[in-house]
J.: 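Could you have a look at this structure, given as structure tokens, before my questions?
On a predicted model such as this, the values are computed, not experimentally measured, just so you know.
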Amino acid sequence: MSILSGKNILLGITAGIAAYKTASLVRLFIKAGANVKVVMTPASKDFITPLTLSTLSKNPVYSSFTNEDDDNAMWNNHVELGLWADLFIIAPATANTMSKMVNGTCDNLLLATYLSAKCPVYFAPAMDLDMYKHQSTINSFEKLNAFGNVMIPATSGELASGLVGEGRMAEPEDIVSFIENDVLDKLPLRGKKVLITAGPTYEAIDPVRFIGNHSSGTMGFEIAKAAANLGAEVTLVSGPSSQVVTHSLINVIRVKSAQEMYDEVHKYFASVDIAILSAAVADYRPKNVADQKIKKKETTFTIELEKTKDILKSLGAIKKLQFLVGFALETNNELEHAKGKLESKNLDLIVLNSLNDKGAGFGGSTNKVTFITASHEIIAHELKSKAEVAKDLMQQILKQTDA
Ligand code: CTP
């Protein structure tokens, strides 16, 4: 999955011949899972039609302050467009438009949107080689960079004029990978490694039976997605769960028993920065696992159980610089029990679920959590979707680790 998946991308097209390549650019953004809207300068419509771009982007294309084709002329709100965008990409960016961007000129919808946008702005210049080298163009590049806009440099090659040199707009594939890398590089957990456990564990009784629990794994999978979306390289060790995730930054390792989870977690723990153990690990397992299916004989049947290893506690005992997060599912004296686990397992943060709260804990798609930090700060959250809880948790970790 691309880091651009789910992002709102506003593509600004100005009047250069490279505008014809923006059809491919829109398709690539859509393929990456982004939502795309297009704003064009009026002159750029000579190079590519709004119809092509609206068909590919599945959205109306904007090029003037009012929708002139409509009898009930509608105001195209540049502020709304600017606020909608997570990323604004101006490609191709002509010398004329860049000069206007530098000076705050605002004589078309694209420029008004540029001035209103609060999101990161990228610009991919395209022009003839002498224009590209002109001092006024270089001044524009420098000023736009100083504004915090990011330049996607032009490449060298044959130009529309027939001359050969610098000034060709970067190819659409290269623009997309440039933006993906730039977005990734700026994420707060870029370069950090996060280990997460999820789901239940199954403890074998015999070849066909096991002791398990109702954990669906949803919370752990959502945490993995939230961490990866912040740029972290995630190792997700999951017990049996029907959850699936495809993300280039998430490596899923499937296990069954508490012992297998323990072994996998210990393979990775030394090299991670953050470990979040959300799995509902069985506390006990059958002491002896039958080789053959157990036949029914007596009216009662007893299985002797032994304790599994507490994975979280074992990490707390050996942790060095790792930030360690545990979960606690409680039914009574919740805060007290959770604080006890925070101390005894040497955690930096514990996430408390109370089974007394409706919509919290196993199974469902929501959760209601309270964070307790190592310094016993208590942060209570409302009932939210597990995806939102995962985002809150990652923000709390960022706050505590200054990442
Ligand atoms: N945990 C673990 N390994 C175990 C048991 C629990 O890593 N064998 C982790 C869970 O992933 C969770 C935390 O420990 O992050 C709390 O688990 P919980 O079962 O609530 O607490 P316990 O310490 O097992 O205490 P109790 O069951 O008595 O409440």
Side-chain angles (χ1 to χ4, degrees), residues 1-14 19 22 25-41 44 53-54 56-63 65 75-94 97-98 100-106 108-126 140-153 169-170 172 174-190 225-226 228-231 387-388 391 394-395 398 403:
M1 195 173 80
S2 164
I3 195 71
L4 301 181
S5 175
K7 292 254 186 298
N8 291 341
I9 294 186
L10 182 61
L11 177 63
I13 302 176
T14 73
T22 56
L25 192 53
V26 171
R27 286 201 59 217
L28 290 170
F29 283 141
I30 295 279
K31 217 171 131 196
N35 309 307
V36 181
K37 288 187 182 178
V38 176
V39 57
M40 307 177 76
T41 60
S44 71
L53 296 162
S54 68
L56 293 172
S57 67
K58 301 181 184 77
N59 270 314
V61 168
Y62 308 92
S63 60
F65 287 100
W75 170 249
N76 286 328
N77 192 328
H78 57 277
V79 177
E80 247 171 45
L81 261 186
L83 290 179
W84 174 84
D86 295 316
L87 302 168
F88 188 11
I89 290 102
I90 301 173
T94 57
T97 290
M98 284 187 293
K100 288 179 178 179
M101 286 160 71
V102 164
N103 291 297
T105 308
C106 187
N108 62 42
L109 183 68
L110 187 150
L111 289 163
T113 308
Y114 168 71
L115 288 177
S116 313
K118 290 187 178 147
C119 63
V121 176
Y122 295 83
F123 61 101
S140 294
F141 294 159
E142 286 172 359
K143 283 238 173 89
L144 291 175
N145 280 328
F147 291 169
N149 301 162
V150 182
M151 173 158 145
I152 305 172
M169 185 178 83
D174 297 332
I175 292 180
V176 173
S177 48
F178 182 101
I179 295 167
E180 282 175 334
N181 287 331
D182 191 70
V183 169
L184 277 171
D185 283 345
K186 287 174 179 157
L187 290 173
L189 290 182
R190 183 66 166 162
K225 284 185 244 171
N229 286 337
L230 293 172
E388 289 301 321
K391 285 185 201 159
M394 293 316 300
Q395 287 309 317
L398 288 179

J.: Could you work out, with ring-ring contact (aromatic ring centres under 6.0 Å, His included) as the rule, every residue matching Phe178, not counting sequence neighbours?
T.: none

J.: Within the structure provided, determine whether Ile13 and Val61 are in side-chain contact (heavy-atom separation under 4.5 Å).
T.: no

J.: Distance check, rounded to the nearest 0.5 Å: Cys119 atom SG versus Trp84 atom CH2?
T.: 9.5 Å

J.: For the residue pair Phe88 and Thr113, what are the closest heavy atoms and their distance?
T.: CE2-C, 4.1 Å

J.: Which heavy atom of Ser2 sits nearest a heavy atom of Glu180, and at what distance?
T.: OG-OE2, 2.7 Å

J.: Please evaluate residues Val176 and Lys31 with respect to the criterion side chain to side chain contact (heavy atoms under 4.5 Å, CB included), reporting the C-alpha separation (whole Å), side-chain torsions for both, the decisive distance (0.1 Å), and the verdict.
T.: CA-CA 11 Å; Val176 173; Lys31 217 171 131 196; over 6 Å; no

J.: Which atom pair, heavy atoms only, marks the closest approach of Ile175 to Ala170?
T.: CD1-O, 3.5 Å

J.: Given side chain to side chain contact (heavy atoms under 4.5 Å, CB included), test Leu144 with Met151 step by step and report yes or no.
T.: CA-CA 8 Å; Leu144 291 175; Met151 173 158 145; over 6 Å; no

J.: How long is the span from the CD1 atom in Ile179 to the CG atom in Leu184, to the nearest 0.5 Å?
T.: 12.0 Å

J.: Do any N or O atoms from the side chain of Asn8 and from the backbone of Asn35 form a donor-acceptor pair under 3.5 angstrom?
T.: no

J.: State, to 0.1 Å, how close Met101 and Phe147 come at their nearest heavy-atom pair, and which atoms those are.
T.: O-CE1, 3.8 Å

J.: Please assess Asn108 against Leu111 for the test side chain to side chain contact (heavy atoms under 4.5 Å, CB included), listing each intermediate value before the final yes or no.
T.: CA-CA 6 Å; Asn108 62 42; Leu111 289 163; 3.4 Å; yes

J.: Please report the closest heavy-atom contact between Met98 and Ala93, naming both atoms and the distance.
T.: CE-O, 3.7 Å

J.: Got a donor-acceptor contact below 3.5 angstrom from the Ser44 side chain to the Thr41 backbone?
T.: yes

J.: For Thr14 and Pro92, indicate whether the former's side chain and the latter's backbone hold a donor-acceptor pair under 3.5 Å.
T.: yes

J.: Please find the pair of heavy atoms, one from Asn59 and one from Ser54, that lie closest to each other, and give the distance.
T.: O-CB, 3.1 Å

J.: Out of the candidates Val150, Leu10, Val183, Asp182, only one should pair with Leu87 under the side-chain contact (heavy atoms from CB on, under 4.5 Å) rule; please name it.
T.: Val183

J.: With heavy-atom distances below 4.5 Å as the criterion, would you say the side chains of Lys58 and Ile30 are in contact?
T.: yes

J.: For the pair Asn103 (side chain) and Thr105 (backbone), establish whether a donor and an acceptor sit closer than 3.5 Å, ignoring hydrogens and angles.
T.: no

J.: Just so I know, are the side chains of Phe29 and Lys7 near enough to count as touching, which here means a heavy-atom distance under 4.5 Å?
T.: no

J.: Which value, rounded to the nearest 0.5 Å, describes the distance between Asn145 atom CG and Glu142 atom CD?
T.: 8.0 Å

J.: Heavy atoms, side chains only, cut-off 4.5 Å: are Val38 and Thr22 in contact?
T.: no

J.: When rounded to the nearest 0.5 angstrom, what distance separates OG in Ser57 from CD1 in Ile9?
T.: 12.0 Å

J.: Can you check whether Leu83 reaches Lys118 side chain to side chain, under 4.5 Å on heavy atoms?
T.: yes

J.: Please test Tyr114 against Asn149 for side chain to side chain contact (heavy atoms under 4.5 Å, CB included), starting from the C-alpha separation and ending with a verdict.
T.: CA-CA 11 Å; Tyr114 168 71; Asn149 301 162; 2.6 Å; yes

